Amino acid sequence: MDRVVRLKLVLWVMVGLAAAIATARFAFGLGATTHLSDATPWGLWVGFDVMGGVALAAGGFVVTATVYIFKMEEYHSIVRPAVLTAFLGYVAVVVGLLFDLGLPWNIWHLTIYWNPRSPLFEVGWCVMLYLTVLMLEFFPVPTEGISALASLRRFLLTLRIPLVILGVALSTLHQSSLGSLFLIMPYRLYPLWYSPLLPVLFFISAVALGLMMVILESHVTAYLYRRKPETGLLAPLGAATRWVLAVYVAARFGDLAARGQLHYLASGAWQAKLFWLELALMAILPLALMSATRFRRQAGWQGAAAAIGVAGVVLNRIDVGGLADIGRGGPLYAPKWTEIAVSLGIVAAATLAFLFMIEHFRVWESRPADPEADPRKLPEFDKVGFTWLGTPAVAGRVKYSLGFVFAAGAGFALLGSPLAARQGSVPAPVHRARGDAGYLRSGVSEAASLGQPGELPRGVLYIDGDLTRYGVTFYHQREIERNGREKSCVLCHHMNMPHDQDSGCYACHRDMYQKSDASRHDWHASPHGANLACVECHEPGYARTSAHVKPCADCHKNLVPAGATIEIPNYNAVSYVDAMHEVCNGCHVKVAAREKKPEIARCAECHKGRLNFSDTRHYLYSPHAPAGRLVILPPPKVSEVH
Amino acid sequence: MKPAILTDTTKCTGCSECAIACQRVNRLERDIPRRWDFGDGLSAENWCSVVDAADNTFVRKQCRHCLDPACVDACPVGAMHKTAAGPVLCDTSKCIGCRYCMMACPFGIPRYEWSNVVPYVRKCVLCYDRIKAGGQPACTEACPAKATIFGDRDELLAEAHRRIRRNPGKYLDRVWGESEVGGTSVLYISGIDLSFLTYGEHFGKEPLPQTTTLAMESVPFAFLGMGAAMGGLYWIIERRNRLQAEKAAGEAKGQREPEK
Amino acid sequence: MTAWIDFARGPLFRLSFALMALGLLRIVLLTLAGVREGYQNSSDKIVAWKEVRRQTLGWLFPMARLWRQRPIYSLISFLFHAGMIVTPLFLASHILLWRNALGIGWAALPRRLANWLTLLVIFAGAGLFLGRLLSPAARKISKAQDFLWPLLIAAPFVTGYIASNAILSPRTYQEFLLVHLYAGDLILLMIPFTKLAHCVLAPLSQLVTAVAWKFPAGAGDRVAETLGFGDRPTWLPKARLTAELPEGAAGKGGSER
């Protein structure tokens, strides 16, 4: 296969994968398809697609200014590809934004609801306007053959200089405003990146990136279409990049020095390392490579320098856009694979559009020979499908669509259950209450094996199902004595597991916050267990759901103790937290009303004192902290508990 | 009157009545822990939470309703707005879901409905309807210990300083919310350091919107300046090229003439 | 075994379903693109659209046409195809699965009706299979895969029927379910890449022959007529096809190939 064909196949695969995820994104929302969180509301889609995308499209305004304002006519041949790259880049940015916005169908609100004080408002408007400018600038190329539009093209030609000037001014604004976006979060961004100069730094790096992007794009397409690289033409651009980068490095360090933050550079923090990596990639390495005339004039090195620089600036945008403030409270953010796949898919689609344009319109002085366009070429034999694929154009079509379909299928398969991901619920298995649980029956303390918080006297339980030491001290013996001794068991214990008496709550209420299946289906069905045929419980001829099933008590005669106060409505045991609240508060509310003591129905009646929230000196941001409540530091390690 | 809430953490018993009242009055649903939770108990369905802090202190967390809020400045469509009555509200009919407000908030308050296909930003509304009707927020009304009280901001500030003066050993000499980021409507006095409630530990007194003022105010100048500079350069270079071309043409003419 | 079952109705099902839907869409689009190019390249742009439509509908719902010639075959074939599409789509258990996994569902067939439909598909399939096996003409034009397909298609129906109706031990139930799921997934997976694609390609065949190949509409009938077995079943023994070919009537169709 030719390199272009191979690349296109890979790109179509990437687009296919992204298409599958796009469906899930719009059908199930952001929670199901990203790892974004309340602590990290902006992730890869903002950092890479939007911020990186705008930066990558900077070649457009740099090159149009070079050719039409500075009158360096020798670069005329790279204007069209640069404008096309910029145009497609901005389209990709808008598409990426549509993925990231929670309410993408409201994006037009920017035009009618104004908040001119918001940097994002300004970025939005500039991107809209600049996209229009780019469209007008590029309009003559694809419509070249249409004579009906000739007068419109001539009119646009007279507007060329004003359009170029407008484009440069708009780019100046939003390239820098992307930096202004982060001025408002001085406490969020790491000091190595936060600076009042962010807009200026963003603009300078955008100019450098624009130049490097033009160089890189020229080398890549030259490789793909087997053209001679325009190394000689591009070398002066490399030289210019060098100066811009030098200014950038000086501004970056000068800014750090002026703010007195230089000491962060030497700190061993991972952010410092990230800073050095970023600066080396985006400025120092390309600067060094482009300063040496030998490297600058050699195609391979020239391309490599540009590629490194481009990667570096994109990293810079990702850093500012979120990477550098990761871990400042809340759960850590690492992009989900779906986010990466969508980002790559958008880039792949833009690349495909670019290749299509240069193959079908006069983006270059001469159109490249599309390896598939030649109808005289003989049909290709596909060794996999064992068939003749028709002319090259047909063969390409067949291959690309197959790649797309398989990738999309794989995407759907890998997505997992979107409904579950959308809920974002965290399983929190329940453990039995700690303390002297078996004292009534055996008289033997189980406390030693379970590890109890503090010294629990006999007949006292400590209820914290998820072992975060965030529970309630329950005076079991006292409740028994208050409520009528032996007769009191059935007040709470409404179910006996087989071969058990007064089963613990954890036996059925098996998750702290989610409902669980109260019947052990696998055990009933397993040949190692009861080995029951399906129809022994499920009604024959109906879907095998809990709606058509025998009540447990039909077989388990002793399941519900005589006189139990709480009914078992169905097979779904409510969450442990709900069950505990219901069983305790049910009585407490009644007693509070009867004895006119409202305080005993309040949360603080049970949740009082240090022990009942946490008995450690450490606090945590526990992922399992109940809603409305907080434990601040990590839970004790499992080894500590056991 | 500037409505405000003063929370005295030394009086709080951690009973959570405020959080429960908030859920009831604002018709919020019971929530379960989610993957995307910050971990402070706040969520799209919990606008008020009680943080169990060090040394037997409970701290109620809610939106601070800054006097000059960063979220309002950040919102590109003006959905987040500060009402004349004081509360900071989000107009969901304008929202585009960019979540810039969540990024901008120095207290990390706004929460997102990540599980919804049509998600909105949600947070405490300071019981706007109740305040407007002359009442007080559900949380302050529900507090059995009078640890969190509602009133005019100036009066509450005076009250806070009075309590600190009267009991210097019990309180740290600071009213949280008095001046950080330009002052907030929700004030705290406490025996422990409360800076864990925020992103940065050392908040300045400048309102955060001022950080972008310079950049945003220079936008028209940058636009016109860049436009003028480009136009000027174009004019100069164009003229130079034309003169050079004329000169070259003249010289060529001059050279050719003698040949004739 | 539970893990295998969950895999088959989770990721594998999503993969095969997506591949089926997108794959069918792909071949339809590729075919239409080919038709378009054929039309563009042809010098004769006249297409009898009306005739194409008539023929397409005639082949889509071949009852009237076949009823005249082979009533039993056409009835069995129709029942087989209809049952095969309707039963899995409207089975309560399947809808429950989708509702749980994706949140989409629709009205289900009554259990009893679904059972009858399943049996119908199984027996109709068996009838068609026997017809192919017993008729010498049909056997002659069949390849090995033509005998394998009915068996593979029957597999999920048979196992599904047994698993949901017979009184089985849970282990046997799971084993039947396993075969049911993997056979079903395999079929879905193979639809767009095998002759099963005729579910979308058959309606396009008249269009392709008329527009791209430039066979005149109804050419097939005329060829058959010319050959002398116009109204007779094609699978009758060769000995009876004795009519002579009139001069030049073998049709334009033949010469263009």
Side-chain angles (χ1 to χ4, degrees), chain A residues 28-31 37-39 41-42 69-71 101-103 106-107 109-110 113-115 117-122 124 161 165 168-169 172-173 180 183-188 199 328-330 422-426 513 602-604 610 613-614 619 621-625 627-632, chain B residues 13-16 19 31-41 43 46 49-54 56 70 73-78 94-100 102-104 106 108 111-112 114-119 199-200 208 211-212 215-216 219 222-223 226-227 230-231 233-234 237 241:
Chain A
F28 299 105
L30 287 166
S37 70
D38 284 329
W42 281 2
I69 309 280
F70 305 132
K71 292 279 168 198
L101 288 182
L103 309 163
N106 280 352
I107 193 170
H109 281 184
L110 275 174
Y113 300 120
W114 287 26
N115 179 15
R117 285 191 50 82
S118 165
L120 193 58
F121 170 80
E122 195 234 297
I161 298 303
I165 293 175
V168 173
T172 311
L173 287 195
S180 312
L183 289 178
I184 203 162
M185 37 193 109
Y187 308 113
R188 199 181 173 101
R328 308 207 96 186
R422 178 179 156 186
Q423 289 311 317
S425 41
V426 188
Y513 305 101
R602 282 208 184 111
C603 307
R610 184 108 310 262
F613 295 115
S614 173
Y619 299 90
Y621 282 112
S622 161
H624 304 313
R629 278 285 182 182
L630 171 72
V631 190
I632 302 176
Chain B
T13 61
C15 70
S16 287
D31 209 355
I32 59 169
R34 315 271 192 170
R35 171 184 64 71
W36 45 75
D37 280 352
F38 203 103
D40 57 0
S43 76
N46 286 301
S49 72
V50 178
V51 174
D52 184 2
N56 214 7
D73 193 67
C75 184
V77 290
K94 288 183 180 175
C95 182
I96 59 172
C98 69
R99 308 185 295 282
Y100 192 16
M102 302 172 69
M103 289 294 285
R111 296 301 147 104
Y112 211 52
W114 296 105
S115 55
N116 287 6
V117 184
V118 183
Y199 268 119
L208 283 177
T211 53
T212 51
M216 293 314 292
V219 158
F223 182 73
M226 200 49 153
M230 285 295 134
L233 274 175
Y234 172 74
I237 295 171
N241 283 1

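Remember, predicted model here, so these are calculated numbers, not experimental data. Convention: sequence-line order gives letters A, B, ...; per-chain numbering from 1.
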Check whether A:Trp114 gets within reach of chain B through its side chain, its backbone, both or neither, counting any heavy atom under 4.5 Å. backbone
Contact origin within B:Asp73 toward chain A - heavy atom pairs under 4.5 Å: both
Look at the side chain of A:Asp38 and the backbone N and O of B:Arg111, then say whether any donor-acceptor pair between them is shorter than 3.5 Å. no
B:Val77 and A:Phe121, any side-chain heavy atoms less than 4.5 Å apart: no
Quick one, A:Tyr513 and B:Arg34 - any side-chain contact, counting heavy atoms below 4.5 Å? no
Note: vs chain B, highest number of non-hydrogen pairs under 4.5 angstrom among A:Ile184, A:Leu120, A:Leu183 is A:Ile184
Quick check for you: among B:Ala104, B:Ala215, B:Pro119, B:Gly78, which has the greatest number of heavy-atom pairs under 4.5 Å with chain A? B:Pro119
Options A:Gly424, A:Pro199, A:Ala169, ranked by heavy-atom pairs under 4.5 Å with chain B, top entry: A:Gly424
Closest approach of B:Thr212 and A:Pro119, non-hydrogen atoms and distance? CG2-CG, 4.0 Å
Heavy-atom check, side chain of A:Arg422 versus side chain of B:Val117, under 4.5 Å: yes
What closest approach, in Å, do B:Lys94 and A:His109 show between heavy atoms, and which atom pair accounts for it? O-ND1, 2.8 Å
Using the rule given for side chain to side chain contact (heavy atoms under 4.5 Å, CB included), can you reason through A:Leu30 versus B:Arg99, listing the C-alpha separation, both sets of side-chain angles and the distance that settles it, and then say yes or no? CA-CA 12 Å; A:Leu30 287 166; B:Arg99 308 185 295 282; 3.4 Å; yes
Side-chain contact test, heavy atoms from C-beta onward, threshold under 4.5 Å: evaluate it for A:Ser118 versus B:Tyr100 and give yes or no. yes
Go through B:Phe223 and A:Thr172 one step at a time and tell me if the side chain to side chain contact (heavy atoms under 4.5 Å, CB included) criterion holds. CA-CA 7 Å; B:Phe223 182 73; A:Thr172 311; over 6 Å; no
Please identify each residue that fulfils side chain to side chain contact (heavy atoms under 4.5 Å, CB included) with A:Ile107, with sequence neighbours left out. A:Leu97, A:Leu98, A:Leu101
To the nearest 0.5 angstrom, please state how far the CD1 atom of A:Ile165 sits from the OH atom of B:Tyr234. 8.0 Å
Do A:Tyr187 and B:Leu208 come within less than 4.5 Å of each other through their side chains, counting heavy atoms only? yes
I want to check something: taking the side chain as every heavy atom from C-beta on, are A:Ser37 and B:Asp37 in contact at a cut-off of under 4.5 Å? no
Contacting region of B:Met102 [heavy-atom separation from chain A under 4.5 Å]: both
